Amino acid sequence: MPNVAVHSLFTEFDINLFKAGKHFKLYEKLGSHPITVAGVDGTYFAVWAPTANSVSVIGDFNSWQVGSHELNVRWDDSGIWEGFIPGIQNGALYKYNIRSNNFGISTEKADPFARFCEKPPKTGSVVWDGDYSWQDKAWMGYRKDKNGLDKPYSVYEVHLGSWRRKADNQFLSYLDLAEELVQYVKEMNFTHVEFMPIMEYPYDPSWGYQLTGYFAPTSRFGNPEEFKVLIDKLHQNDIGVILDWVPSHFPEDAHGLGFFDGSHLYEHPDRRKGYHPDWKSLIFNYGRNEVRAYLISNAMFWMDQFHVDALRVDAVASMIYLDYSREEGEWEPNIYGNNENLDAISFLKEMNQQLYASFEGIQTIAEESTAFSGVSRPVDLGGLGFGMKWMMGWMHDTLEYFKKESIYRKHHQNDITFSLTYAFSENFMLPFSHDEVVYGKKSLLDRMPGDEWQRFANLRLLFGYMFTHPGANLIFMGGEFGQSSEWNFEKSLDWHLTQYDFHSGIQSTVKDLNTLYKNYPALYEKQFSADGFEWIDYGDGENSVLAYIRKGHDAENDVIVICNFTPVQRENYRIGVPKATKLKEIFNSDAKKYGGSGVLNSKIKTDKIPSHAYKNSIEITLPPLGIVILQ
């Protein structure tokens, strides 16, 4: 058998789909695949490089010699080079040396479809065909009942490299995390974990948002099968898995996708559409069929091969606007004369349609920071087709309000109520993400005003307000125990703080709020519908108090929420209630076990005294900087 034998995994139908941008399982064909041909074990390689004059596979098996293992170009103008190389086994290191027809340019590239990569800073691809037996059949069977829009969605956002580290500051492995992280998330009663990008990336300070290995879990923490163990363990404990996914841009690293075959293959050739000035990175050419197929195949890959339950799509606004972060003259309008990137919009719609049609019970979530209409509306109703959208406006307004000294909050009542004017225009997730605790913004705790007691009381109130506001919830790691310093990706969270009462009180608060959210249907059944929310009073700015009702399908399950945004304890505070019935306090952020002062309401009597447009009302004591939830 020759060094490179003629062999193909592609059918004519595959090629036609690829050219049309409709092949969404390209990972089964392109890349490296250990197989047996004519009784000989080896590896099949296939790479898309239409501008190439020659493509050589170089690696540890041939001392990285160019020319000894040249692939064969297909005859069908697909631009695919392929071939079977005998003797190459699992674990072999390789790259592609590509000599271009474009002025004889030569590039040395990692495989865009590699399933595993060398540990950074090394940049080689690894032949990989791991075998894994999933144990999450039960979860996959009832996932649609756990992951739906009318189900509790409380997300713990995690950066795997800095959640917790070993004593010598080394990373925990995927297998370590499968024990420690899973146990912690389950104990804290979160419903989902969101991993900041785990696809292979070369530069630690990018936090994973500059990807070079879209199909490979980063080797920093172990191999792909060990990452599957982590996902599997989460599923076995009824915890959903969300991955951050970055189809918006990619870095210019020499071994990456940029200028892949001596041409602008993956990136748009016009720098006005193909270069991101903020991140100094390249932007995919969403109008090129093969690139669309690459990206949609990648989204499919994580749900198919890794049983992922949702993708959170990063930087959607940068994709859908041609003038995003560009000055006048640095962008070109579309054919209709406006600033929308029609190719990117079309791509996102097709991606969402394909994912929802292919996998039962999954979600896609957009990080989209503008007022673009219909992000979480189905495509057939004119939307982009996402399941949810991050509510960036709520996050900004809420944190701006909370950082004010309480004496000034009465002048800013509109800041804390404004979100309800548009809360149901999309399916919103409320995010206190990693972006809010870096670059001098301070930790959530450190942004709270007042003395020590008030700062912790404010943080408990903030989380209580978040969990009772319509929408799903997301908290970045560390926030749940009141991390006092900004997040540092180079070291572990400050877990030693949990030995102190105020910090463990925050931790208990979030744990109990998660339990409350999961156990009281009024907080999730209609979390994206105006039918699930009713104001009692949003106008008491003088006292900085809000009162509202959260509703589920059964009115018997409705809950009443009262927030006191000042440190003044308010006795005999009267609010109207919809009917004369017994009420009990099911949560109070001022409980002593949370670090509060213990101002609770043990007996709540309904009076036939009209108030707030209701025939009946109650009098309660509002704890200082506290939230009270009644049923």
Side-chain angles (χ1 to χ4, degrees), residues 1 4-52 54-55 57 70-86 88 96 98 109 111-115 125 127-129 214-216 247 257 260-261 263 265-266 284-308 311 343 346-360 362 364 379-380 385:
M1 185 174 284
V4 181
V6 175
H7 188 78
S8 183
L9 296 182
F10 285 91
T11 66
E12 183 179 353
F13 184 57
D14 285 326
I15 295 299
N16 289 335
L17 286 176
F18 176 59
K19 289 180 176 179
K22 301 296 182 183
H23 200 309
F24 302 135
K25 287 195 173 183
L26 287 174
Y27 50 89
E28 295 179 347
K29 308 291 181 177
L30 287 164
S32 59
H33 300 271
I35 58 173
T36 301
V37 175
V40 178
D41 292 337
T43 298
Y44 166 79
F45 293 89
V47 61
W48 179 51
T51 309
S54 68
V55 178
V57 183
E70 289 195 355
L71 299 180
N72 308 297
V73 66
R74 290 185 62 90
W75 60 92
D76 48 22
D77 296 324
S78 63
I80 294 173
W81 298 73
E82 60 183 353
F84 172 75
I85 303 179
I88 296 182
Y96 297 118
I98 304 171
K109 295 293 187 178
D111 189 342
F113 283 87
R115 303 289 185 93
S125 300
V127 174
W128 195 262
D129 185 24
Y214 272 78
F215 288 83
L257 297 177
F260 187 79
D261 62 350
S263 73
L265 191 62
Y266 288 92
F284 285 102
N285 185 352
Y286 305 108
R288 188 163 192 169
N289 286 343
E290 296 90 343
V291 174
R292 292 167 71 104
Y294 173 79
L295 288 171
I296 295 176
S297 289
N298 186 241
M300 295 277 289
F301 171 78
W302 293 106
M303 291 185 168
D304 177 21
Q305 300 289 300
F306 285 82
H307 292 198
V308 166
L311 293 177
D343 289 334
S346 169
F347 158 72
L348 289 169
K349 290 180 177 181
E350 185 171 25
M351 179 268 295
N352 279 317
Q353 284 181 309
Q354 187 62 37
L355 291 177
Y356 280 102
S358 301
F359 302 101
E360 187 175 41
I362 58 97
T364 61
V379 173
D380 56 5

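For clarity, every value in this text was computed on a predicted model and none was experimentally measured. This chain uses plain numbering: 1 for the first residue, then up along the sequence.
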Item to check | Evaluation steps, side chain to side chain contact (heavy atoms under 4.5 Å, CB included), between Val291 and Phe347 | outcome: CA-CA 10 Å; Val291 174; Phe347 158 72; over 6 Å; no

Item to check | Short N-O contact, Arg74 and Glu82, less than 4.0 angstrom | outcome: yes

Is there side-chain contact between [X] and [Y], with at least one heavy-atom pair below 4.5 Å?
X: Leu355; Y: Met303; value: yes
X: Tyr286; Y: Leu348; value: no
X: Leu265; Y: Arg288; value: yes
X: Lys25; Y: Ser297; value: no
X: Val4; Y: Leu71; value: yes
X: Ile296; Y: Glu350; value: yes

When rounded to the nearest 0.5 angstrom, what is the spacing between [atom1] in [X] and [atom2] in [Y]?
X: Thr51; Y: Ile98; atom1: OG1; atom2: CD1; answer: 9.5 Å
X: Ser8; Y: Ile80; atom1: OG; atom2: CD1; answer: 7.5 Å
X: Tyr294; Y: Leu26; atom1: OH; atom2: CG; answer: 10.0 Å
X: Glu290; Y: Leu17; atom1: CD; atom2: CG; answer: 12.0 Å

Checklist entry - Given the rule in the ring-ring contact (aromatic ring centres under 6.0 Å, His included) test, do Tyr44 and Phe113 qualify, once you have shown the distances and angles that lead to the verdict? => result CA-CA 13 Å; Tyr44 166 79; Phe113 283 87; over 10 Å; no

Do you know the tightest heavy-atom contact between [X] and [Y]?
X: Ala52; Y: Asp261; result: N-OD2, 4.1 Å
X: Asn72; Y: Ala5; result: ND2-O, 4.1 Å
X: Ser78; Y: Phe18; result: O-CE2, 3.8 Å
X: Val47; Y: Val55; result: CG1-CG1, 3.9 Å
X: Met300; Y: Gln354; result: SD-CG, 3.9 Å

Ring centroids only, cut at 6.0 angstrom: are [X] and [Y] within range, meaning strictly under it?
X: Trp48; Y: Tyr266; value: yes
X: Phe215; Y: Trp302; value: no
X: Tyr27; Y: Phe301; value: yes
X: Phe306; Y: Phe359; value: no

Checklist entry - More than 12 heavy atoms of other residues, nucleotides or ligands under 6.0 Å from CG of Asp77: is that the case? => result no

Checklist entry - After noting the C-alpha distance and the side-chain angles of Leu9 and His33, does the key distance pass the side chain to side chain contact (heavy atoms under 4.5 Å, CB included) rule? => result CA-CA 10 Å; Leu9 296 182; His33 300 271; 4.1 Å; yes

Item to check | side-chain contact (heavy atoms from CB on, under 4.5 Å) against Asn352, all qualifying residues, sequence neighbours excluded | outcome: Tyr356, Thr364, Phe386

Checklist entry - Listed by chain and number, what are the side-chain contact (heavy atoms from CB on, under 4.5 Å) partners of Asp14, not counting sequence neighbours? => result Phe10, Thr11, His23, Lys29

Quick one: does [X]'s side chain have a donor or acceptor within less than 3.5 Å of a partner on [Y]'s backbone?
X: Arg115; Y: Ala216; result: no
X: Asp111; Y: Ser125; result: no
X: Trp81; Y: Ala49; result: yes

Report, one line per pair, each donor and acceptor closer than 3.5 Å where one atom sits in a side chain of residues 35-43; sequence neighbours left out.
unit_1: Thr36; atom_1: OG1; unit_2: Asp41; atom_2: OD1; d: 2.6
unit_1: Thr43; atom_1: OG1; unit_2: Ile88; atom_2: O; d: 2.8

